[in-house]
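Below is one structure; the comments refer to it alone.
Residue indices begin at 1 and follow the sequence shown.
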Amino acid sequence: MPADRINNPFAPVASPESIPGGKLVQDREEIVVAVQELTRKFGQFTAVDGINFTIKRGEIIGFLGPNGAGKTTTIKMLTGLLRPTAGEISILGYDLRRELRQIKKHIGYMSQKFSLYPLLTAEENVEFFAGISGLSTSAIKHKKQELSRLLTPSLLPLKVADLPPGIKQKVALFTCLLTDPEIIFLDEPTSGVDPEMRRNFWSLIYELKTKGKTLLVSTHNLDEAEYTDRLLIIHQGKIILDGPLAQLLQQKGASTIEELFKQAIINHETS
């Protein structure tokens, strides 16, 4: 990404296709997601209220907040599933309003409900989603072979509805990654699974980071905050804290994430 784009991701510059070699500069400080005054209203209710944040390449961002805080609405706007009422979104230098088709080539999304068809097997889900993503016949065959190595043979004939929650989670992530996206949005991916499965899932997230992926992971589980590079804490549609956990604890004089979170919520509600 050009240097001026790092300081102002919304500055009018040439599109990424015009960069020599057709690729963006692989700069660790490069801003790959930028959100400016993003707002979403449903009638008189404001679900997301003029939020601003950026994400740098290779970061794991923890998007933390209670249920109903605006996490899912924000992610749906970032992925183009929901149109913003106001504000701007830039992803890899593309403007979401005008260049969503280009953005979709570079992002992956795992929704809160796993995004799988429950009456299909895991393999059938992979075949379907790979097909609509435009993968070739040979690529789809390769992905199905990968899946067969991921799951034990006894699970392959089962419908997704009959799979254990942790296995559904793995299949959903596998499906999310079919197109090898650069930026991955995971909406409460560990909801409803036990602590051991959550730790295993975060191991997969770290593995993706080592491959150069950028991830935004929403959660309402406070203990997952320490797994992230940086936290965005949202409440009542507003970003109320933004920074690495250790830095936020020091700045706010809190000894635990629980204390930090409670303090941030109270301060926001009484301000």
Side-chain angles (χ1 to χ4, degrees), residues 58 60-63 67 71-72 75-76 78-82 100-101 103-221 223-224 227-228:
I60 299 176
I61 299 296
F63 198 29
N67 290 330
K71 302 187 299 296
T72 295
I75 291 175
K76 284 185 175 180
L78 289 170
T79 55
L81 294 174
L82 195 60
L100 179 58
R101 183 174 295 182
I103 287 173
K104 284 186 175 293
K105 296 177 183 178
H106 301 281
I107 64 174
Y109 170 52
M110 178 175 162
S111 80
Q112 195 172 2
K113 300 300 182 183
F114 296 128
S115 302
L116 298 173
Y117 287 102
L119 299 183
L120 299 180
T121 66
E123 185 178 86
E124 288 168 341
N125 270 279
V126 167
E127 186 170 6
F128 173 75
F129 285 110
I132 63 174
S133 297
L135 272 64
S136 66
T137 302
S138 60
I140 293 173
K141 181 179 179 180
H142 178 68
K143 292 297 181 182
K144 288 164 68 176
Q145 290 171 344
E146 284 185 8
L147 180 72
S148 67
R149 292 192 291 270
L150 178 68
L151 303 183
T152 57
S154 62
L155 296 176
L156 289 171
L158 298 181
K159 291 180 173 60
V160 163
D162 299 323
L163 293 175
I167 301 300
K168 289 181 188 178
Q169 181 192 58
K170 286 185 177 180
V171 175
L173 181 61
F174 184 89
T175 304
C176 168
L177 301 176
L178 284 171
T179 59
D180 193 26
E182 296 176 55
I183 302 171
I184 303 161
F185 300 103
L186 306 176
D187 190 5
E188 303 224 6
T190 59
S191 178
V193 299
D194 63 43
E196 183 178 356
M197 288 181 179
R198 282 166 54 197
R199 285 192 296 271
N200 291 340
F201 192 83
W202 275 95
S203 294
L204 296 175
I205 290 174
Y206 281 130
E207 186 178 333
L208 290 169
K209 177 183 168 72
T210 65
K211 295 177 180 178
K213 307 299 184 184
T214 303
L215 301 102
L216 183 144
V217 187
S218 77
T219 181
H220 60 268
N221 294 312
D223 60 323
E224 294 185 358
Y227 300 150
T228 67

Taking all heavy atoms of [X] and all of [Y], pick out the closest pair and write down the distance.
{"X": "L158", "Y": "D162", "answer": "CD1-O, 4.3 Å"}
{"X": "W202", "Y": "T190", "answer": "NE1-CG2, 4.1 Å"}
{"X": "A122", "Y": "V160", "answer": "N-CG2, 4.0 Å"}
{"X": "I107", "Y": "T79", "answer": "CD1-CA, 3.9 Å"}
{"X": "L155", "Y": "L163", "answer": "O-CD2, 3.8 Å"}
{"X": "C176", "Y": "Y109", "answer": "SG-N, 3.5 Å"}

Rounded to the nearest 0.5 Å, how far does [atom2] of [Y] lie from [atom1] of [X]?
{"X": "L186", "Y": "I75", "atom1": "CG", "atom2": "CD1", "value": "8.0 Å"}
{"X": "K105", "Y": "S133", "atom1": "NZ", "atom2": "OG", "value": "13.0 Å"}
{"X": "K170", "Y": "N200", "atom1": "NZ", "atom2": "CG", "value": "6.5 Å"}
{"X": "H106", "Y": "I183", "atom1": "NE2", "atom2": "CD1", "value": "8.5 Å"}
{"X": "K144", "Y": "E127", "atom1": "NZ", "atom2": "CD", "value": "4.0 Å"}
{"X": "F128", "Y": "T121", "atom1": "CZ", "atom2": "OG1", "value": "13.0 Å"}

Can you list, pair by pair, the side-chain donor-acceptor contacts under 3.5 Å of residues 207-219, counting residues two or more places apart and other chains?
unit_1	atom_1	unit_2	atom_2	d
K209	NZ	G58	O	2.7
K209	NZ	D229	OD2	2.9
T210	OG1	E207	O	2.5
K213	NZ	D180	OD1	2.6
K213	NZ	P181	O	3.0
T214	OG1	G58	N	2.8
S218	OG	D187	OD1	2.7
S218	OG	E188	N	2.8
T219	OG1	N221	N	2.9
T219	OG1	E224	OE1	3.0

Step through the shown structure and confirm whether more than 12 heavy atoms of other residues, nucleotides or ligands are within 6.0 Å of [atom1] on [X].
{"X": "Q145", "atom1": "CD", "result": "yes"}
{"X": "Y117", "atom1": "OH", "result": "no"}
{"X": "K143", "atom1": "NZ", "result": "yes"}

> Between T228 and I61, is a side chain to side chain contact (heavy atoms under 4.5 Å, CB included) present by the stated rule, with each step listed?
Replying inline: CA-CA 6 Å; T228 67; I61 299 296; over 6 Å; no
> What residues, two or more places apart in sequence or in another chain, satisfy side-chain contact (heavy atoms from CB on, under 4.5 Å) together with L119?
Replying inline: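 L119: side-chain contact (heavy atoms from CB on, under 4.5 Å) contacts with K159.
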Hey, are the side chains of [X] and [Y] touching, using non-hydrogen atoms and a 4.5 Å cut-off?
{"X": "V126", "Y": "L178", "answer": "yes"}
{"X": "F174", "Y": "L177", "answer": "no"}
{"X": "F185", "Y": "F63", "answer": "no"}
{"X": "P195", "Y": "R199", "answer": "yes"}
{"X": "S148", "Y": "L156", "answer": "yes"}

